[in-house]
Amino acid sequence: MINDLDIEDLYENAPCGYLSVLPDMTIARLNATLAGWLGFEVDALIGTDFTRLLTAGGRIHYETHFGPILQMNGQLDGIALDFVTSDRRRIPVFMTANVKADDAGVPLLIRITALDARDRRTYERELLESRTRAELLARTLQRSLLPPALLPPSGMTAAAHYHAASSDELGGDFYDLFPLSEDRWGFFLGDVCGKGAAAAAVTSLTRYTLRAAAVYDNDPVAVLHNLDSVLRQEFRDNNAQFCTAVFGVLCRSAGGFEVCMANGGHPPPLVIRADGTAHYVHMTGGQLVGLLRNARFVSTTVTLNAGDTLMLYTDGLTEARVGRGRFDDEGALLEFATEHAPTAPAALIDNLQTLLNSFGDGLVDDVALMALGVPPASAVPSASTAPSVQGGES
């Protein structure tokens, strides 16, 4: 049975601080727990101003904001304040208060409970620091999965952009452009299924497999079959990992470049012509890479002449939510490309970045973009001045 001594002990030694304050903010009573936190004897605080326990900023907040709310509503819930100890240290607390009034509604007393928030503040700070470190690691790993630079042939320019939908997770989008020989260059862009560390591992394997296979085989379809075999061998049974990809080889032609491409379940590239038109490069029937036995990949060849640009992208762009539909539900991407035709790779990527930023919360997946173009005849750079356009995350 609880007696008066038990109630008194519960008040004095409760795991929280108790205060009773008169309407003029004079402390009428406080418990031993709070006095101990503050480094005072209980009697030393009785009859003093409650606000002297607060920081300067806390006093201003209480007098201008919290106090008026308390008078108006009769209670405060979960207010974060700092109390000041006898040796001028700060103790963060969560404060709750209510008003005791007489029958006429005249305030008689303010009851205050203070919960020690020091451990929680430390936890929140450590959590924030851990999140910052994790985001830095994710950005570092993401950059390691993208080429530090694109290496286009002389007579061609290139630009790329990676847009992360979230800073919390590693994405699986990838791209690259690199020389294979004196007269051949390889390029690819694709998207690994999933996110996080597992997807990053598949992305890394995919990039290096494609680069290695391209050195030994001139046929883009054969290169995708090589990747398909590696993925199915590496990730078997219930741990299947797959991706979509476009792989291509560039060779010089009389007026520009011949582009032979193979598609493995990826959205079709776009060609933006010098005459102001744009069209998809359809390669219907290409299947996912790494998922199916005897997967089928399809290829086609297009020619890029002076002023033409080839655009590759991942499905995060065409699946962006706009209104009640997707961005490309009605061919919006083709319309966008036509509006900007003719265009150079750098200008196209800049305009696409602006478009991506305009989607806001409608962009739910990462997006990788890469554009390869032949400058207009009057602007073709010489071999000695051909640019090495930066890739990577921007």
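Predicted model only: the values in this text are computed from it and were never measured.
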Colleague: Keeping His266 on the side-chain end and Tyr313 on the backbone end, is there a donor-acceptor pair under 3.5 Å?
Modeller: yes
Colleague: Look at the rings of His61 and Phe66 and say which category their plane angle falls in: under 30° parallel, 30 to 60° tilted, over 60° perpendicular.
Modeller: tilted
Colleague: Mark yes or no for whether Thr343, through its side chain, and Ala347, through its backbone, hold a donor-acceptor pair below 3.5 Å.
Modeller: no
Colleague: For residues Leu76 and Thr96, determine if any side-chain heavy atom of one lies less than 4.5 Å from a side-chain heavy atom of the other.
Modeller: no
Colleague: Do Asp366 and Tyr162 meet the criterion of a side-chain donor-acceptor pair at a distance under 3.5 Å?
Modeller: yes
Colleague: Given 3.5 Å as the limit, does a donor-acceptor pair link the side chain of Ser204 with the main chain of Ala201, or not?
Modeller: no
Colleague: Would a 4.5 Å heavy-atom cut-off, applied to side chains only, mark Phe178 and Trp185 as touching?
Modeller: no
Colleague: Using the rule side chain to side chain contact (heavy atoms under 4.5 Å, CB included), only one of His282, Met311, Met283 pairs with Pro269; which is it?
Modeller: Met283
Colleague: Do Val215 and Leu180 come close enough that some side-chain heavy atom pair is under 4.5 Å?
Modeller: yes
Colleague: If you compare all heavy atoms of Asp365 against all heavy atoms of Gly316, which two are closest, and at what distance to 0.1 Å?
Modeller: CB-CA, 3.9 Å
Colleague: Looking at Arg207 and Asp176, is any side-chain nitrogen of the basic one under 4.0 Å from a carboxylate oxygen of the acidic one?
Modeller: yes
Colleague: Indicate the atoms forming the closest heavy-atom contact of Leu109 with Ser20, along with that distance.
Modeller: CD2-CB, 4.0 Å
Colleague: State whether Arg321 and Asp361 are salt-bridged, where the test is any N-O pair (Lys NZ or Arg NE/NH1/NH2 against Asp/Glu carboxylate O) under 4.0 Å.
Modeller: no
Colleague: Show every salt bridge (Lys or Arg N to Asp or Glu O under 4.0 Å) that has at least one partner inside residues 256-277, sequence neighbours left out.
Modeller: Arg273-Asp308
Colleague: May I ask you to check whether Phe188 and Tyr175 place their ring centres under 6.0 Å from each other?
Modeller: no
Colleague: Taking all atoms of both residues into account, what is the closest heavy-atom pair of Asn218 and Val249, and its distance?
Modeller: O-CG2, 4.2 Å
Colleague: For residues Ile110 and Ala97, report the shortest heavy-atom separation together with the two atoms involved.
Modeller: CG2-CB, 4.3 Å
Colleague: Can you tell me if Thr354 uses its side chain to pair, donor with acceptor, with the backbone of Asp350 under 3.5 Å?
Modeller: yes
Colleague: Report yes or no: does Thr209 contribute a side-chain atom to a donor-acceptor pair with the main-chain N or O of Thr206 at less than 3.5 Å?
Modeller: no
Colleague: So, Asn31 side chain and Leu34 main chain: donor-acceptor pair closer than 3.5 Å or not?
Modeller: yes
Colleague: Should Ser154 and Arg252 be marked as a side-chain hydrogen bond (donor to acceptor under 3.5 Å, both in side chains) after you check the CA-CA gap, both sets of side-chain angles, and the distance that decides it?
Modeller: CA-CA 10 Å; Ser154 62; Arg252 295 188 187 279; 2.8 Å; yes
Colleague: Has Thr301 got a side-chain atom pairing as donor or acceptor with Cys260's backbone, closer than 3.5 angstrom?
Modeller: no
Colleague: Does atom CD of Glu41 have more than 12 heavy-atom neighbours from other groups under 6.0 Å away?
Modeller: no
Colleague: Minimum heavy-atom separation for Ser358 and Leu355, please, with both atom names.
Modeller: OG-O, 2.5 Å
Colleague: Between Asp77 and Gln75, do the side chains contain an N or O donor and an N or O acceptor separated by less than 3.5 Å?
Modeller: yes
Colleague: Atom CZ of residue position Arg90 - does it have more than 12 heavy atoms of other residues, nucleotides or ligands inside 6.0 Å?
Modeller: no
Colleague: Can a donor-acceptor pair be found between the side chains of Thr314 and Asp173 at a distance below 3.5 Å?
Modeller: yes
Colleague: Does Glu12 use its side chain to pair, donor to acceptor, with the backbone of Ala32 at less than 3.5 Å?
Modeller: yes
Colleague: Within 45 degrees of the ring normal and closer than 6.0 Å to the centroid, is that where the cationic atom of Arg29 sits relative to Tyr11?
Modeller: yes
Colleague: Between Gly155 and Phe257, which heavy-atom pair has the shortest distance, and what is it?
Modeller: O-CE1, 3.5 Å
Colleague: Taking the six-membered ring of Phe83, is NZ or CZ of Arg118 closer than 6.0 Å to its centre and within 45° of its axis?
Modeller: no
